[in-house]
Amino acid sequence: MATATEAARHAGGPTSHTLNQDGFDFEDAVRAAEKARLALTGPSGSGKTYTALSIGTGLLPDGGTLGVIDTERGSASKYAGLFTFKTMKLPSFEPQALIRALAVAADRGIDVVIIDSLTHFWSGRGGALAQVDQKTRASNSKNAFTTGWKDISPVLLDMLDAILSYPGHVICTMRVKTEWVIQENDRGKKEPTKMGTKLDQRDGIDYEFDLVGALNQSHTMTVDKSRYPTIEVGSTHDKPDFAFGHEIASWLDDGEGVALGVMDYVGLATDPTKTPQELLALLSEVEGRGLLGAAVLGLDRQATSLGGLIRLMGSAARVKDPTTGPDGLRALRMRLEQDNRLGSIVPGMDGTPTAIGDLITFTQHAHQKQAAQGNKAGQPTGTPRGEDQAGPTDEDKSGHVQRLMKQVADPKCWDSPLALSQIKGDAERHQVLDHEVQGPPPGCEWMSFRTLIDRRFTELKRAAEARNDGRDVA
């Protein structure tokens with residue numbers, strides 16, 4: 001069969017093109033080396049976890065690491081003697097927690113990550129449906145479509161972006177709602193059989209994966225969808241193992257070229273020598289590759305998107321840019337304050353991590369001092385704390401504690417392990433974890449901020465365990 005290029009040549013048409021100046025044009029398609037995006041569906045007991053571990057082992061590169069984000073109360077760990085992998089057990093199932101987990105996995109260099117199961121982030125405790133209900137009940141309209149979903153739909157899209165942009169292979173298991181039907185077995189006798197009926201997940205999510213395999217109670221997988229030419233739709237695979245994963249990995253690795261990965265872009269973004277123009281170009285490149293939503297850790301070890309990290313580093317580069325005047329700094333501060341990002345950590349003047357709000361303040365003071373001295377040349381050096389590198393004053397600490405206690409008092413934070421973890425990290429950065437604060441009623445006892453947060457973590461964990469007593473999560 002003639003190739004498309006040969007057909008174009010025989011027809012007298014061009015086989016290559018010069019791009020328009022705005023870059024809005026066609027270009028030759030090239031299949032790059034990619035990563036697997038697999039979904040395994042099935043009812044309880046169909047072997048989703050075991051199959052994911054088997055296929056994931058086959059996907060691993062030499063010396064690679066397999067990791068499981070476990071929502072199934074440690075079910076994957078039962079196979080620790082059969083497979084070698086790392087595990088992360090999540091206490092709650094907010095989509096935001098999965099984004100954080102994927103950011104940590106990327107930072108740890110996990111080559112194949114298994115999300116077991118993705119269903120919990122939809123219908124589990126703290127999942128999307130629970131958050132929609134909570135927001136709807138708290139609203140005046142009581143209309144889920146104008147209140148709850150308005151806030152949660154973007155979070156689900158961010159979660160999906162984090163999954164699809166992960167720098168390694170991803171396998172997601174998903175439950176299906178089940179019912180019992182009477183079927184004839186291989187001996188010709190009628191018997192009740194558990195059948196999967198509908199995916200317990202947001203409609204259409206299976207479209208996002210390259211391969212979707214449906215498992216039955218006999219652990220046989222039927223391929224419902226496949227973008228891999230070596231695996232046909234409708235084909236069945238009895239207890240697929242590492243060879244199935246190795247087949248997919250071999251085809252994916254056969255692409256042309258090796259593009260920069262997500263963590264490569266993180267390294268480029270956090271380079272303190274990058275100029276605003278260079279970071280803008282980097283943002284455009286990442287956007288072109290569809291990686292803006294990749295989950296990564298910032299310099300403060302908090303989860304963010306790759307696009308958000310580059311934009312933040314771009315803001316820091318603008319602060320340090322000699323051409324940015326006082327008006328530009330004021331506008332930048334206002335925008336960051338509106339986005340609640342003044343406490344975000346960026347490289348300072350000498351590369352030392354510092355809060356961008358402190359960096360702006362330091363730069364503004366330096367501008368004022370230079371203006372008073374009639375010296376407009378150059379840009380300040382050192383760190384926002386000045387030459388003596390002094391730590392935060394008691395006044396600074398008191399202000400930070402008051403701000404953090406207001407956040408903790410918010411019911412949304414008090415009932416969210418993810419929010420409390422972020423607040424605790426903020427307190428650690430500002431050196432106020434051991435500051436004495438007054439606890440909540442009825443005791444109102446005095447304790448360190450660290451103790452207050454840790455006690456609340458324990459309370460939430462016990463409450464979660466109490467709610468789960470007797471619940472079937474197999």
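Not measured: the values here are computed from a predicted model.
- Shown here is Q302, whose CD atom has more than 12 heavy atoms of other residues, nucleotides or ligands within 6.0 Å.
- M159 contributes atom CE, which lies 9.5 Å from atom CG of L164 (distance to the nearest 0.5 angstrom).
- P240 has its side chain within reach of M221: a pair of non-hydrogen atoms, C-beta onward, lies under 4.5 Å apart.
- The distance from the CG atom of D271 to the CD atom of E278 is 8.0 Å, given to the nearest 0.5 Å.
- Without hydrogens or angle criteria, D264 side chain to G261 main chain gives a donor-acceptor distance under 3.5 Å.
- With rounding to the nearest 0.5 Å, the separation of CZ in R311 from CG in L306 is 9.5 Å.
- Using a 4.5 Å cut-off on side-chain heavy atoms (C-beta onward), H237 and I231 make contact.
- With respect to the salt-bridge test (charged N to carboxylate O, under 4.0 angstrom), the residues D116 and K48 do not qualify.
- In terms of heavy-atom proximity, Y207 sits nearest to R227 at O-NH2, 3.2 Å.
- The pair R462-E459 does not count as a salt bridge, with every side-chain nitrogen at least 4.0 angstrom from each carboxylate oxygen.
- The pair D70-K86 fails the salt-bridge criterion, with no side-chain N (NZ, NE, NH1 or NH2) lying under 4.0 Å from an Asp/Glu carboxylate O.
- Shown here is D203, whose CG atom has no more than 12 heavy atoms of other residues, nucleotides or ligands within 6.0 Å.
- Side-chain contact check for I205 versus M174: some heavy-atom pair is nearer than 4.5 Å.
- A donor atom on one side chain and an acceptor atom on the other are not found under 3.5 Å apart for Y228 and E247.
- Within the 4.5 Å cutoff, the side chain of R100 has heavy atoms near those of the L297 side chain.
- The OG atom of S226 sits 8.5 Å away from the CG atom of D210 when rounded to the nearest 0.5 Å.
- A salt bridge between K424 and D454 is present, with a side-chain N of the basic residue lying under 4.0 Å from a carboxylate O of the acidic one.
- Pairing each heavy atom of T304 with each of G298, the nearest pair is CG2-N, 4.2 Å.
- Looking at heavy atoms from C-beta onward, L211 lies out of side-chain contact with K225 at the 4.5 angstrom threshold.
- Between the side chain of H169 and the backbone N or O of A36, at least one donor-acceptor pair lies under 3.5 Å.
- Using modelled atom types, one finds a donor on one side chain and an acceptor on the other under 3.5 Å when comparing S315 with R335.
- Judged by the 6.0 Å and 45° rule, R37 forms no cation-pi pair with F209.
- No donor-acceptor pair closer than 3.5 Å links the side chain of T352 to the backbone N or O of G348.
- N216 and S46 share no side-chain donor-acceptor pair at under 3.5 Å.
- A side-chain donor-acceptor contact under 3.5 Å links S448 and T451.
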CA sep, side-chain torsions, deciding dist, call: L279, T275, side chain to side chain contact (heavy atoms under 4.5 Å, CB included): CA-CA 6 Å; L279 288 165; T275 66; over 6 Å; no
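- In plain terms, the two heavy atoms of I110 and L66 that are nearest each other are CG2-C, 4.2 Å.
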Chi angles and distances behind the side chain to side chain contact (heavy atoms under 4.5 Å, CB included) call for L129, I152: CA-CA 9 Å; L129 294 181; I152 301 305; over 6 Å; no
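- Proximity of E232 to V223: side-chain heavy atoms (C-beta onward) are nowhere separated by under 4.5 Å.
- Listed here is the closest heavy atom pair of K89 and S77: CE-OG, 3.9 Å.
- If you look at F83 and Y50, their ring centroids are closer than 6.0 Å.
- Rounding to the nearest 0.5 angstrom, the gap separating the CG atom in L291 from the CG atom in D161 is 10.0 Å.
- Here the side chains of P440 and W414 are in contact, with some heavy-atom distance below 4.5 Å.
- One N or O on the side chain of T119 and one on the backbone of R175 form a donor-acceptor pair closer than 3.5 Å.
- With a 4.5 Å cut-off on side-chain heavy atoms, T51 and I55 count as touching.
- Shortest non-hydrogen contact noted between H219 and L215 is O-CD2, 3.9 Å.
- Put simply, CD1 on I115 and CD1 on I171 are 10.0 Å apart, with the number rounded to the nearest 0.5 Å.
- When each of V112, V170, I114, D111 is checked for a side chain to side chain contact (heavy atoms under 4.5 Å, CB included) with L59, only V112 meets the rule.
- Side-chain atoms of S344 and R341 form a donor-acceptor pair, as typed in the model, at a separation below 3.5 Å.
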Residues K320, M349; criterion side chain to side chain contact (heavy atoms under 4.5 Å, CB included); working and verdict: CA-CA 7 Å; K320 295 185 285 186; M349 290 297 179; 3.5 Å; yes
Stepwise side chain to side chain contact (heavy atoms under 4.5 Å, CB included) test for E72 and K78: CA-CA 11 Å; E72 300 279 2; K78 296 173 183 175; over 6 Å; no
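- Closest non-hydrogen pair, K35 versus L252, comes out as C-CD1, 3.8 Å.
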